[in-house]
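Just so it is clear, the model here is predicted, and its values are computed rather than measured. We count residues from 1, following the sequence as given.
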Amino acid sequence: EVQLQASGGGLVQPGGSLRLSCTASGFTFDDFAMSWLRQAPGKGEEWVSAIGSNGRGAYYGKSVTGRFTISRDNAKNTLYLQMDSLKSEDTAVYYCAKSWGTFVYANNWDQDNSYDYRGQGTQVTVSS
């Protein structure tokens with residue numbers, strides 16, 4: 001059974017940082033690309049970032065480029081999202097998702113049909 005568990009969320013002031021983690025089990029983690037997405041209150045889902053199975057081929061949404069960094073540790077079956085210079089508009093529930101493929105590409109990394117599983121989310125609140 002595929003399981004994805006996000007953690008590391010919390011309350012942070014604007015300009016602060018958080019690092020989210022996603023622990024994966026039930027599949028061969030280093031065979032698949034992974035992604036982060038988020039959903040803010042009253043808004044639709046937004047794909048945040050994606051990374052290839054070997055840690056290469058990272059993509060970022062326009063709203064987070066230059067502030068967020070995605071990475072993975074295949075030995076620990078864990079995906080990360082380092083979030084710096086946080087803004088109030090980053091407030092959302094953050095989820096990790098597993099792709100059905102080894103890599104994702106510029107034309108499909110932010111498409112729902114590139115992924116087959118997503119886990120429970122972690123709340124990030126950016127507020128003073």
Test item: Ser99 side-chain N/O and Ala33 main-chain N/O as donor-acceptor pair under 3.5 Å = no
Phe103 side chain reached by Asn54 side chain, heavy atoms, under 4.5 Å = yes
For the student: nearest non-hydrogen atoms of Leu18 and Gly8, plus distance = CD2-O, 3.8 Å
Any chance the side chains of Trp47 and Asp112 put a donor and an acceptor closer than 3.5 Å?
-> yes
Just wondering, more than 12 heavy atoms not from Gln39 lying within 6.0 Å of its CD?
-> yes
Find out whether Gln120 and Gln5 are in side-chain contact, i.e. whether some heavy atom of one side chain is under 4.5 Å from a heavy atom of the other.
-> yes
Side-chain donor-acceptor contact under 3.5 Å, Glu89 with Ser63 = no
Compare every heavy atom of Ser49 with every heavy atom of Ser35, then report the nearest pair and how far apart it is.
-> OG-O, 2.7 Å
Between Ser53 and Asp31, is any pair of side-chain heavy atoms under 4.5 Å apart?
-> no
Heavy atoms only: give me the nearest Gly9-Thr122 pair and the separation to one decimal.
-> N-OG1, 3.1 Å
According to a 4.5 Å side-chain heavy-atom criterion applied to Ile, Leu, Val, Met, Phe, Trp and Tyr, with indirect links allowed, do Met83 and Ile51 form part of one hydrophobic cluster?
-> yes
Interatomic distance, CD@Gln123 vs CG@Leu11, rounded to 0.5 Å, equals 10.0 Å
With a 4.5 Å heavy-atom cut-off, do Glu45 and Tyr95 have their side chains touching?
-> no
Quick one: CH2 on Trp100 to OH on Tyr117, what's the gap to the nearest 0.5 Å?
-> 14.5 Å
Closest heavy-atom pair, Gly26 versus Val2, reported as atoms and distance to 0.1 Å, is O-CG2, 4.1 Å
Look at the side chain of Trp109 and the backbone N and O of Ser114, then say whether any donor-acceptor pair between them is shorter than 3.5 Å.
-> no
Closest heavy-atom contact between Leu4 and Cys96?
-> CB-SG, 3.7 Å
Given side chains that start at C-beta, do those of Asp90 and Phe68 come closer than 4.5 Å, heavy atoms only?
-> yes
Any side-chain heavy atom of Leu79 sitting closer than 4.5 Å to one from Phe29?
-> yes
Test item: Arg72 side-chain N/O and Gly52 main-chain N/O as donor-acceptor pair under 3.5 Å = yes
Any side-chain heavy atom of Cys22 sitting closer than 4.5 Å to one from Trp36?
-> yes
Is the NZ or CZ atom of Lys98 positioned over Phe32's six-membered ring, under 6.0 angstrom from the centre and within 45° of the axis?
-> yes
For Val104 against Ala50, the heavy-atom pair lying closest together | CG2-CB, 3.7 Å
Any donor-acceptor pair under 3.5 Å linking the side chain of Thr78 with the backbone of Asp73?
-> no
Are Tyr80 and Tyr60 connected, step by step, through hydrophobic side chains (Ile, Leu, Val, Met, Phe, Trp, Tyr) whose heavy atoms are closer than 4.5 Å?
-> no
From CG (Asp110) to CD (Glu46), nearest 0.5 Å = 10.0 Å
Quickly, which of Val124, Val64, Val93 forms a side chain to side chain contact (heavy atoms under 4.5 Å, CB included) with Arg38? Name it, please.
-> Val64
Non-hydrogen side-chain atoms of Ser21 and Lys76 separated by less than 4.5 Å | no
Roughly how far apart are Tyr115 OH and Met34 CE, rounded to 0.5 Å?
-> 9.5 Å
